[in-house]
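Heads up, the thing below is written out as structure tokens.
Keep in mind that this is a model prediction, so the values were computed, not measured. Proteins come first, then strands; the chains are lettered A, B, ... in the order of their sequence lines, and each starts at number 1.
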There are 2 protein chains.
Amino acid sequence: MSDTTGARARRPRTDAQRNRTHILDVAEQYFSEHGITGSLDAIAKQAGIGPGTLYRHFPNREALLAALLKAREDELVSRHDAIRREVRDSTEALAQWLEALGRWSTAFEGLPEPLRMALTEDTSPLALTCQGYITITDEFLTAAQRDGGARPEVRGRDLFLSVLATSWVRSAAMADESSPLALNALMRTGWAIP
Amino acid sequence: MSDTTGARARRPRTDAQRNRTHILDVAEQYFSEHGITGSLDAIAKQAGIGPGTLYRHFPNREALLAALLKAREDELVSRHDAIRREVRDSTEALAQWLEALGRWSTAFEGLPEPLRMALTEDTSPLALTCQGYITITDEFLTAAQRDGGARPEVRGRDLFLSVLATSWVRSAAMADESSPLALNALMRTGWAIP
DNA sequence: CAACATACGGAGACGGTCTCCGGATTGTCA
DNA sequence: TGACAATCCGGAGACCGTCTCCGTATGTTG
């Protein structure tokens with residue numbers, strides 16, 4: 001529905017489109033290096049544009065983040081498909097999905113924070129994404145529960161939050177690198193049935 | 001060693017002392033209402049003093065926080081004593097200690113964040129406090145492990161981080177109030193041996 | 001090539017952190 | 001008690017980050 005709609009808007013100007021993708025490129029790198037709390041104006045400057053331009057494309061940090069994560073969404077969705085296709089054991093499938101979620105939520109330093117926020121304020125552009133992933137988690141979870149591999153009292157939302165929480169611990173590189181692993185193990189013994 | 005040291009500093013002026021405690025009072029209330037990310041200058045204004053005065057007493061937000069938590073330290077220490085005195089079952093003792101830690105780390109909205117930071121940068125005034133509580137956690141934990149109530153591979157540091165992580169989830173009041181409870185339960189099945 | 005919609009850019013309002021130092025206040029000692 | 005020195009106060013303002021507004025520039029369409 002983007003081609004021949006009745007009163008269709010003309011398509012965005014090419015310079016705008018170019019700027020948009022360029023901002024995303026720069027932001028991707030900048031957030032990777034400085035974490036998501038880095039200065040947005042600095043990103044604009046590094047992209048060679050004015051702050052106004054950046055803020056028109058992405059009205060705030062969350063919007064920019066959402067756009068960046070959109071790119072990684074395909075990655076996660078295809079991982080989701082691969083797991084459904086290749087992993088027979090439903091418990092193992094859940095475990096692998098949670099691991100994929102963990103990688104996703106540590107894409108940038110400090111990412112777990114806005115993700116958690118998005119779960120409370122549904123006005124956030126990240127809220128929809130999170131909700132979708134919770135649903136997927138629930139699917140894997142109920143399958144595992146049906147097969148007796150996961151405790152029945154656990155909910156998908158709780159697992160999603162667990163992943164976020166352990167990713168949050170991992171943030172701000174700890175002196176002790178083993179803690180995130182330990183927490184993951186703790187979580188797993190928490191939801192799994194041996 | 002505060003009385004008759006050789007070249008002892010004279011004791012602080014009474015107005016300074018008065019200001020200090022007054023700042024703490026105001027900050028306690030302000031952080032309770034607005035979370036720990038509230039404006040420090042606003043606290044100064046509300047206390048009827050200049051920003052400079054606040055920052056001389058507490059050079060940054062962390063220092064102020066540390067001072068506020070110092071007050072609650074007694075509370076936690078006495079809780080620690082009470083548990084050791086009254087709770088016979090070492091596993092139950094550990095559980096109760098973790099619960100006390102959880103309450104401590106949710107004293108103010110947003111508190112878990114600086115606490116986690118303090119664990120990585122040992123220059124923080126909060127670092128010592130955290131370290132102490134990790135040690136205590138380790139004591140309770142090894143006792144529980146000796147009695148076969150806790151998994152041997154778990155470490156005190158991991159449990160402390162777990163508590164912080166669940167408190168972090170609780171922050172920013174979720175629409176779903178049951179999640180923190182669920183996470184706590186998950187954690188417990190994670191470290192406990194039935 | 002108009003003329004119109006759209007987008008750009010940067011000046012600057014705003015709010016927060018934190019510093020600096022002239023002036024006020026307190027403690028001390030003769 | 002009356003200086004004097006040590007100490008502390010207060011607020012102006014430097015600095016940084018977020019975000020807005022609008023005159024100007026650039027694309028797009030007929």
Side-chain angles (χ1 to χ4, degrees), chain A residues 2-24 26-27 30-31 33-67 109-110 113-114 117 123-125, chain B residues 2-5 7-27 30-31 33-67 109-110 113-114 117 123-125:
Chain A
S2 65
D3 256 342
T4 42
T5 328
R8 73 173 184 280
R10 71 166 65 165
R11 76 156 171 276
R13 272 166 49 168
T14 53
D15 56 343
Q17 197 110 32
R18 204 159 35 89
N19 270 330
R20 194 191 140 88
T21 63
H22 186 221
I23 290 172
L24 286 177
V26 173
Y30 194 87
F31 281 163
E33 288 173 3
H34 302 78
I36 62 157
T37 53
S39 155
L40 294 190
D41 276 28
I43 292 178
K45 189 168 295 181
Q46 191 166 323
I49 61 175
T53 302
L54 191 154
Y55 282 96
R56 194 169 337 94
H57 282 285
F58 309 101
N60 50 47
R61 175 173 273 112
E62 277 206 332
L64 181 52
L65 266 179
E109 166 84 35
E113 185 72 45
M117 297 289 280
T123 67
S124 160
Chain B
S2 65
D3 256 342
T4 42
T5 328
R8 74 171 182 280
R10 70 166 66 168
R11 76 155 169 276
R13 273 165 48 169
T14 53
D15 55 345
Q17 198 110 31
R18 204 160 34 90
N19 271 331
R20 194 190 139 88
T21 63
H22 186 220
I23 290 172
L24 286 177
D25 284 348
V26 173
Y30 193 87
F31 281 162
E33 289 174 4
H34 302 78
I36 62 157
T37 53
S39 156
L40 294 190
D41 277 28
I43 292 178
K45 189 169 297 180
Q46 190 166 322
I49 61 174
T53 303
L54 191 154
Y55 282 96
R56 194 171 335 95
H57 282 284
F58 309 100
N60 51 46
R61 175 175 272 111
E62 276 205 332
L64 181 52
L65 266 179
E109 166 83 36
E113 186 70 47
M117 298 288 281
T123 66
S124 160

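- At a cut-off of 3.5 angstrom, the base of D:dC9 holds no donor-acceptor pair with the side chain of B:Asn19.
- At least one side-chain heavy atom of B:Ile36 sits less than 4.5 Å from a side-chain heavy atom of B:Pro114.
- Closest to the B:His57 side chain, of the nucleotides C:dC18, D:dC9, D:dC19, is D:dC9.
- Whole-Å rounding puts the B:Leu40 CG to C:dG15 P distance at 17 Å.
- If you check residues 44-52 of chain A against DNA chain C, the residues with a heavy atom closer than 4.0 Å are A:Ile49, A:Gly50, A:Pro51, A:Gly52, listed by number.
- Evaluated for a side-chain contact (heavy atoms from CB on, under 4.5 Å) with A:Tyr55, the options A:Asp41, A:Leu64, A:Asn60 yield exactly one hit, A:Asp41.
- With sequence neighbours left out, the salt bridge (charged side-chain N to carboxylate O under 4.0 Å, His left out) criterion links A:Glu113 to A:Arg116.
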Show me the protein contacts with nucleotides 26-28 of chain D, counting only N or O atoms at under 3.5 Å.
| from | atom 1 | to | atom 2 | distance (Å) |
| --- | --- | --- | --- | --- |
| D:dT26 | O2 | A:Arg13 | NH1 | 2.8 |
| D:dT26 | O2 | A:Arg13 | NH2 | 3.2 |
| D:dT28 | OP1 | A:Thr14 | N | 3.3 |

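- Heavy-atom nearest nucleotides on DNA chain D were determined for B:Asp41 and for B:Ala16, and the one closer to the 5' end corresponds to B:Ala16.
- Among the atoms of the strands shown, base atoms are found under 4.0 Å from some heavy atom of B:Thr53.
- Taking atom CG on B:Asn60 and atom C1' on C:dT19, their separation rounds to 14 Å, with Å as the unit.
- Counting any heavy atom pair closer than 4.0 Å across all strands shown, B:Arg56 reaches a base atom.
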